Engineer: 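So that we are looking at the same thing, I have put the structure below in structure tokens.
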Amino acid sequence: MSSPAIRNLSTGARADEAFERAASFIASLTGWRRAFAGFAAGLVTALAFAPFYLVPLLAVGFSALIFLLDGALKSPHPRRAAFATGWYFGFGYFLLSVYWMAFSFFVQAEQFAWMSPFAVLGMPAFLALFSGSAAFVASRFWREGPARVLFFAVVWMTFEYARGHILTGLPWNLPGQALAGAAMGAQTAAWWGVYGLSLIVILLAAAPAAFAGRGRAIKGLGACLGGALALYAIGAARLALLDPGVYEDVSVRIIQPNIPQREKIDSDFWARNFWRQVNLSKGEATGAAASGELYILWPENAVSLIDEYSDALQVLSDELPKNAVLLTGAVRREAAGPRDIYFNSILAIAPGPDPSRAVIGHYDKHHLVPFGEYLPMEGFLRAVGLAQLAPYDEGFEMGKGPSVLRAGAGPAFAPLICYEAIFPGEIYPKDDRPDWIVTVTNDAWFGDTSGPRQHLDQAKLRSIETGLPMARSANTGVSVLIDARGRVLDRVALYKEGRIDAALPKPLPPTLYARIGDVLFLLLSMVAFFAGFTYKYRREQA
């Protein structure tokens, strides 16, 4: 009879052997088989994000990519093969990550449905250029052993950072976002932001590949599991130790009217939509906040040009609670010479001295969505008949930048409109920290898909990074109240009509990320990169 120790050793050896065989098989793939495997690895990796949250698949996908690159670099044209492998991985990854964009073309299907295949395939193909380029550059530093994983992670995240900034940026489904499904896993974003968290995630996900070919695959799997457990343990401790509580005299009422997008943009329904939101907003605040400040949130573009209609303002005065400040998404118009210009805005509407309500402040969206809100290459698109892609003739005008508003006697807030919540480090002016974040959005364009759910996860990350609570009103969902630690305190589910009534959570002190931004991410990248060179040098000297 063999002892338990010998049996365990034998089991570990068999597991190592099986892992090595799998790694060798993946690395041996060539031609269309390698391309298909890269595409499949990208698809598998994307399943780690909302609504699936199969987070362990990050390790499957990124480790498979490392093995595919091992094989690509033994081909006759290694750099070209590395780029192609990275591109196919990225195409699969982004195909499943952003497929929901195509649903927006079916809201007005008679005009735009024909464009949906181009969106479904074109956007992933473009975004995959970043992953292909990352694989190409990483291949220049490739060495056997753990060093290649260190180089890969740093180069990959360098291109992810570029993806978040070039051509207005699209930092959607950064690897660290996969951990935002549970606030516990994403707490370290308060130190190094989502880019730093993503670097850690890639290092852990690719750890099983680090020791492949050396008979120590179990060591890599142990590093992956141990690192993940450490992240969650740190997160659990932070959640337990930091609880700023709530304001006793400030409450929020978050409205989700659940208006179908086609009816939302049809002027024949505007009066009905207005009254639906008014009726959902009625009723005095209760508890300690009844005598304090009440903020009512309506979603993005809830009303058009309301500041120009005294009758609508009078309705708000008559129907809303007397102590309420309405923060609503709206279209705002200004005269600019021979034409009018339009802004996608948040208006603060509060009781005035007479005491009818009036607009006491506004914020204009400054990070506009290309094609959806303004036309890049406007002359060309008008020439080919696609000017109708943007609203209001020439699209929305760009606002001046992140801002902080003060409305009523309550705490100051940073306003964000939809797409703006996906950009870390761009929430408010650096020298003017607010007490909470107001987000209004309209994800009705994208149907019951992964898009609105992934958008919500990014909102959670912004609260963790800044240490600020967030009240989020979404037309069709998901509307939520998030505390300063990224925990969802209350929600209205996707495609449900309803509202949230709650005391406003208090902020935490400024986080490290709020103080220094992406500096720690850059330092981590430098440490990982030089660690790779150190490991490589020692191997060469051995």
Side-chain angles (χ1 to χ4, degrees), residues 45 47-60 62 153 157 173-208 220-246 421 424 427 436-437 453-454 456-472 478 480-491 502-516 518 520-521 523-524 527-528:
T45 306
L47 292 173
F49 298 87
F52 310 105
Y53 294 120
L54 301 176
V55 176
L57 292 183
L58 287 169
V60 175
F62 277 111
M157 281 313 302
N173 277 14
L174 295 170
Q177 186 184 321
L179 303 188
M184 187 188 303
Q187 289 299 301
T188 58
W191 304 343
W192 43 49
V194 68
Y195 289 110
L197 180 61
S198 296
L199 176 63
I200 300 298
V201 164
I202 291 182
L203 286 170
L204 295 178
L221 291 169
C224 176
L225 180 60
L229 290 175
L231 277 181
Y232 280 86
I234 292 169
R238 188 172 188 270
L239 288 173
L241 294 173
L242 299 177
D243 185 2
V246 299
I427 306 303
W436 58 303
I437 301 169
R453 297 170 172 90
Q454 292 169 2
L456 171 61
D457 281 348
Q458 295 180 75
K460 299 176 194 174
L461 285 166
R462 302 297 85 82
S463 283
I464 295 171
E465 290 166 344
T466 59
L468 298 175
M470 179 187 295
R472 182 179 194 259
V478 181
V480 293
L481 180 62
I482 305 172
D483 74 5
R485 300 167 292 176
R487 295 189 315 151
V488 173
L489 303 179
D490 203 351
R491 71 170 66 207
L504 178 66
K506 289 182 178 179
L508 289 168
T511 63
L512 180 61
Y513 182 77
R515 294 178 185 276
I516 66 173
D518 291 314
L520 193 54
F521 158 64
L523 290 175
L524 285 171
V527 168

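Basis for what follows: all heavy atoms, side chains included, without hydrogens, waters or symmetry-related copies. Just so it is clear, the model here is predicted, and its values are computed rather than measured.
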Engineer: Are any non-hydrogen side-chain atoms of T466 and W436 less than 4.5 angstrom apart?
Structural biologist: no

Engineer: Can you tell me how far the CG atom of L203 sits from the CE atom of M157, to the nearest 0.5 Å?
Structural biologist: 10.0 Å

Engineer: Taking side chain as C-beta onward, heavy atoms only, is T188 less than 4.5 Å from L231?
Structural biologist: yes

Engineer: To the nearest 0.5 angstrom, please state how far the CG atom of L204 sits from the SG atom of C224.
Structural biologist: 6.0 Å

Engineer: Heavy-atom distance under 4.5 Å between the side chains of V488 and R491, does that happen here?
Structural biologist: yes

Engineer: Are any of the side-chain heavy atoms of I200 and W192 separated by less than 4.5 Å?
Structural biologist: yes

Engineer: Could you tell me whether the side chain of Y513 reaches within less than 4.5 Å of the side chain of P424, counting heavy atoms only?
Structural biologist: yes

Engineer: Minimum heavy-atom separation for P505 and L489, please, with both atom names.
Structural biologist: CG-CD1, 3.6 Å

Engineer: Under a 4.0 Å N-O cut-off, is there an ion pair linking D483 with K506?
Structural biologist: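 Judged by the 4.0 Å cut-off on N to carboxylate O distance, D483 and K506 do not form a salt bridge.
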
Engineer: Please round to the nearest 0.5 Å and tell me the distance separating atom CD1 of I437 and atom CZ of R462.
Structural biologist: 9.0 Å

Engineer: Of all the heavy-atom pairs spanning L461 and A186, show the shortest one and how long it is.
Structural biologist: CD2-CB, 3.9 Å

Engineer: Within the structure provided, determine whether T45 and L57 are in side-chain contact (heavy-atom separation under 4.5 Å).
Structural biologist: no

Engineer: Might you point out which heavy atoms bring L174 and S198 nearest each other, and give the distance in Å?
Structural biologist: CB-OG, 3.7 Å

Engineer: Would you say the side-chain atoms of S463 pair up with the backbone N or O of R485, donor to acceptor, closer than 3.5 Å?
Structural biologist: no

Engineer: Nearest 0.5 Å, please: how far is CH2 in W191 from CG in L512?
Structural biologist: 9.0 Å

Engineer: Measuring from Q187:CD to I234:CD1, what's the distance to the nearest 0.5 Å?
Structural biologist: 10.5 Å

Engineer: With the side chain counted from C-beta on, respond yes when P469 and I482 share a heavy-atom pair under 4.5 Å apart, and no when they do not.
Structural biologist: no

Engineer: For L179 and Y232, run side-chain contact (heavy atoms from CB on, under 4.5 Å): C-alpha distance rounded to whole Å, both residues' side-chain angles, the deciding distance at 0.1 Å, then the answer.
Structural biologist: CA-CA 9 Å; L179 303 188; Y232 280 86; 3.7 Å; yes

Engineer: Quick check: does any side chain N or O of Q177 sit under 3.5 Å from a backbone N or O of Q454, one acting as donor and the other as acceptor?
Structural biologist: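 Yes, because the side chain of Q177 sits within donor-acceptor range (under 3.5 Å) of the backbone of Q454.
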
Engineer: What closest approach, in Å, do A484 and G467 show between heavy atoms, and which atom pair accounts for it?
Structural biologist: CB-O, 3.3 Å

Engineer: Between P507 and L468, what is the shortest heavy-atom contact and its length?
Structural biologist: CB-CD2, 3.7 Å

Engineer: Can you see which heavy atom on A178 is nearest to which on L58, and at what distance?
Structural biologist: CB-CD1, 3.9 Å

Engineer: At what distance, to the nearest 0.5 angstrom, does CG of L523 lie from CD1 of I516?
Structural biologist: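 It is 7.5 Å, given to the nearest 0.5 Å.
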
